[in-house]
Amino acid sequence: MNIQEALLEYCLRLGDNSLIIGHRMSEWCGHGPILEQDIALINIALDHIGQARNWLTLAGEIEGKGRTEDDFAYKRDAHQFRNLLITEQPNGNWGDTLMRGFLFDTFNFYLHQILQHSKHEGIAAIAEKSLKEINYHVKYSSEWVIRLGDGTEVSHQKMQDALDNLWMFTGEMFEADEVDQLLLEESIGADLQQIKEAWNDHVREVIDEATLKIPESNWFQKGGKQGRHTEYLGYILAEMQFLPRAYPDAVW
Amino acid sequence: MNKKEWPLWEIFIRSKNGLNHKHVGSLHAADAEMAIENARDVYCRRNEGVSIWVVLSSQIVASDPDEADALYEPAKNKIYRHPTFYEIPKEVGHM
Amino acid sequence: MLSNEQLEKEFQAKIDAEIKIEPKDWMPDAYRKTLIRQISQHAHSEVVGMLPEGNWITRAPSLRSKVILLAKVQDEAGHGLYLYSAAETLGVDREELIEELHTGKAKYSSIFNYPTLTWADIGAIGWLVDGAAIANQVMLCRTSYGPYARAMVRICKEESFHQRQGYEIMMKMAQGTPEQRQMAQDALNRWWWPSLMMFGPPDDKSIHTAQSLKWKIKRQTNDELRQEFIDKTVKQAEFIGLTIPDPDLKWNEERQHYDYGPINWEEFYQVINGNGPCNRQRMRDRIKAHEEGAWVREAAIAYAEKKQAKKNAA
């Protein structure tokens, strides 16, 4: 694998994370627990999809074959997607969505904090721009995890269930492969070990304040970064890609 | 009001530094911090603000419109408080 | 103390002098009731209106169209919120209003009981439904009740992109592949008549119009607004080569307006009264969201109280 190939992979991972979690959040539109929060969550969905567009456009530039953001979003199949498994997990209830958001946002925040200093100008620029948005995402989801964890008995139980169900998808975030290694050596990518420590600190602090318990299991699912996904992604894509697939000649 | 529902907050936004906070509307939130975040999402989607105040609607004390005459009429006949009341010769220039 | 009759006279004098009525001002009970009914109906329409368009967010055919649609539907949530806020200045809680919607006591715009079947419907809604809504909303910016008028000003400012995005979708599809053209024409065929119904029953059948005009809650009649909308829209359809599904539509030189065919008011009343294709589905979705959100709203209050108690103890 050369640097250019690694760069392409890296951008697809970043873009697909944002695209898929943004898509998931957009499913909430019109169905939130109260109007104010419907609006709040959609703002975050908009941030994610906006970021995805930037990353996928950069991926196209790096690849140099003229592929656009939409080519990447609409014309790849599940095994070609590089998002983390946690981002494609179903919305479940409001607590499940916010817990998924919290675990991912925290990772995403530390990742972008490092990437804003990447030696690759394009990556650094997008990371810096996204960081302000992600900073708010972490604040928002952390507050909700605390609020619901330490709210009522019912909400506490729902949040503990959410954490238990999602925990096995967190390990993958810190699993470095050849792409991560190569770009770390070039001072382009982030040191996942460093992120893991920061992530652990923040997650433990919030979970503690939320009066919840971190599951003891150390057995984690992985594969999203390499294109091996859960069953959910196929359905997301079937829905998302329907029009461009059914009418390949159409311009929308 | 049903105790389980979120209280109403009045929202004031400063659109840019140098201007007053201005009342823009209201929204529901469980607490003050959430009210500020909701105000950001509801009333600042198009870059409308740089600073937000939130006040519980129930905490606002308003004057009574029935007393409007007593409160505001007396100010109307003190026309000597306005610069146009005074005649200054043109030759003196702007004052 | 002034008698009710005197108060009412003074109230009408203020209205006639174009002085806005503010929340704490004296107002006739019927004025308050009419406002609550109209503003809450309007708010409900915004919120229920999120559903037919929301139906296509996850299937938007490009990332650009996805963010635009998301932002637009989110705006509608915002507009519902501004309107509920305006209604709350009249002494009702949003929760009571939502309860009335969910129990079928309150109405909302009947247009949202029609289904969105293809992507062209998203174009048709923006172009026709928002177009019709804007005609109504521009008028309401001058309504006599201050908080309602202010909410409408804010809404009109934000709505201006909605109709354009709808027309852009229609234009692209009308000029696209044969299948896209067909979808565009089909969407126009399905949405045209319900859009005309949005302005409400004809003036001679409208029970609220006369009083609402006197109070300057409304400033134009249903038929006036409907005519304005038709006159504007015909040209826009012609420009992109689509045909308005009304064989009686023709320019009337004398009136300087388009004449149009009869509107099926039987269908209108049937849909209003619950027999549209999606009434039940829309209410099921709204009620489900509200009920499934109950534990979230409750927990947030419980947490806020705990936090406050801790603060007080410290």
Side-chain angles (χ1 to χ4, degrees), chain A residues 19 22-43 45-46 49-50 52-53 56-57 68-70 72-74 93-95 98 143-144 146-156 158-159 210 236 239-244 246-247 249-252, chain C residues 43 46-67 69-71 73-78 80-81 84 94 98 118-119 169 172-173 175-177 179-180 183 285-286 288-307:
Chain A
L19 177 59
H23 181 93
R24 274 295 193 211
M25 285 179 155
S26 77
E27 293 172 3
W28 270 103
C29 187
H31 307 278
I34 187 166
L35 268 181
E36 281 83 350
Q37 292 304 322
D38 214 306
I39 295 170
L41 202 73
I42 299 314
N43 258 355
L46 281 169
I49 297 172
R53 296 179 70 188
L56 296 180
T57 301
T68 64
E69 57 181 49
D70 285 340
F72 285 115
Y74 291 91
N93 63 39
W94 182 256
L98 269 297
E143 283 170 2
W144 267 107
I146 294 167
R147 183 178 285 134
L148 295 177
D150 192 19
T152 60
E153 257 174 64
V154 172
S155 71
H156 177 86
K158 284 186 195 285
M159 291 312 273
I236 292 177
E239 194 174 336
M240 184 171 89
Q241 299 176 338
F242 152 66
L243 279 174
Y247 304 97
D249 301 328
V251 177
W252 302 94
Chain C
E46 295 281 355
V47 174
V48 177
M50 296 171 73
L51 298 170
E53 287 183 281
N55 184 36
W56 280 89
I57 287 173
T58 53
R59 290 177 289 174
S62 68
L63 294 182
R64 175 181 180 271
S65 63
K66 200 194 212 36
V67 289
L69 184 58
L70 250 184
V73 180
Q74 185 204 35
D75 271 350
E76 273 143 27
L81 198 151
Y84 282 127
R94 190 199 297 176
I98 290 175
T118 73
W119 177 248
I169 290 175
K172 275 190 188 164
M173 293 191 74
Q175 294 161 356
T177 64
E179 289 113 323
Q180 283 179 302
M183 282 185 228
D285 282 352
R286 281 313 314 156
K288 183 164 177 270
H290 192 68
E291 285 176 355
E292 287 181 354
W295 70 271
V296 177
R297 297 191 300 274
E298 225 167 284
I301 283 285
Y303 177 73
E305 281 167 359
K306 273 190 215 177
K307 214 170 52 171

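Lettering follows sequence order; numbering is per chain, from 1.
Although no hydrogens or angles enter the test, the distance criterion places a donor-acceptor pair under 3.5 Å between the side chain of A:Tyr74 and the main chain of C:Ser62. Under a 3.5 Å cut-off, the side chain of C:Arg297 and the backbone N or O of C:His290 do form a donor-acceptor pair. With C:Lys66 contributing its side chain and C:Pro61 its backbone, the two residues share no donor-acceptor pair below 3.5 Å. With hydrogens and angles disregarded, no donor-acceptor distance shorter than 3.5 Å links the side chain of A:Gln37 to the backbone of A:Trp94.
In this structure, C:Lys172 is not positioned above the aromatic face of A:Trp252 in the sense of NZ or CZ being under 6.0 Å from the six-membered ring centre and within 45° of the axis.
For the set C:Gly176, C:Gly49, C:Gly80, C:Ala300, the count of heavy-atom pairs under 4.5 angstrom toward chain A peaks at C:Ala300. Among the candidates C:Val296, C:Ile98, C:Thr177, C:Leu63, the residue making the largest number of heavy-atom pairs closer than 4.5 Å to chain A is C:Leu63. By number of non-hydrogen pairs under 4.5 angstrom with chain A, the leading residue of C:Gly293, C:Ala71, C:Ala299 is C:Ala299. Comparing A:Ile49, A:Leu19, A:Ile42 by how many heavy-atom pairs each has under 4.5 Å with chain C, the most go to A:Ile42. If you tally non-hydrogen atom pairs under 4.5 Å between each of A:Glu69, A:Arg53, A:His156, A:His31 and chain C, the highest count goes to A:Arg53. Counting heavy-atom pairs closer than 4.5 Å to chain C, the top-ranked of the candidates A:Asp249, A:Asn43, A:Val154 is A:Asn43.
With a threshold of 4.5 angstrom between heavy atoms, A:Ile146 approaches chain C through its backbone and through its side chain. Looking at C:Glu292, there are no atoms closer than 4.5 Å to chain A (heavy atoms on both sides), in backbone or side chain. Contact annotation for A:Ile236: neither backbone nor side-chain heavy atoms come within less than 4.5 Å of a heavy atom of chain C. The part of C:Val47 that comes within reach of chain A is its side chain, from C-beta onward, which places non-hydrogen atoms under 4.5 angstrom from that chain. Residue C:Arg94 touches chain A through its side chain alone, counting heavy-atom pairs closer than 4.5 Å. In this structure, the portion of A:Asp38 lying under 4.5 Å from any heavy atom of chain C is its side chain and not its backbone. Both the backbone and the side chain of A:Ala250 come within less than 4.5 Å of a heavy atom of chain C. Within the 4.5 angstrom heavy-atom criterion, only side-chain atoms of A:Trp144, from C-beta onward, approach chain C.
At most 12 non-hydrogen atoms from other residues, nucleotides or ligands lie less than 6.0 angstrom from NZ of C:Lys288.
Contact between C:Ala77 and A:Ile39 at its shortest, heavy atoms only, is CB-CG1, 3.6 Å.
Side chains of A:Thr57 and A:Thr68 form no contact here, defined as non-hydrogen atoms less than 4.5 Å apart.
There is a side-chain donor-acceptor pair under 3.5 Å between A:Glu239 and C:Thr58.
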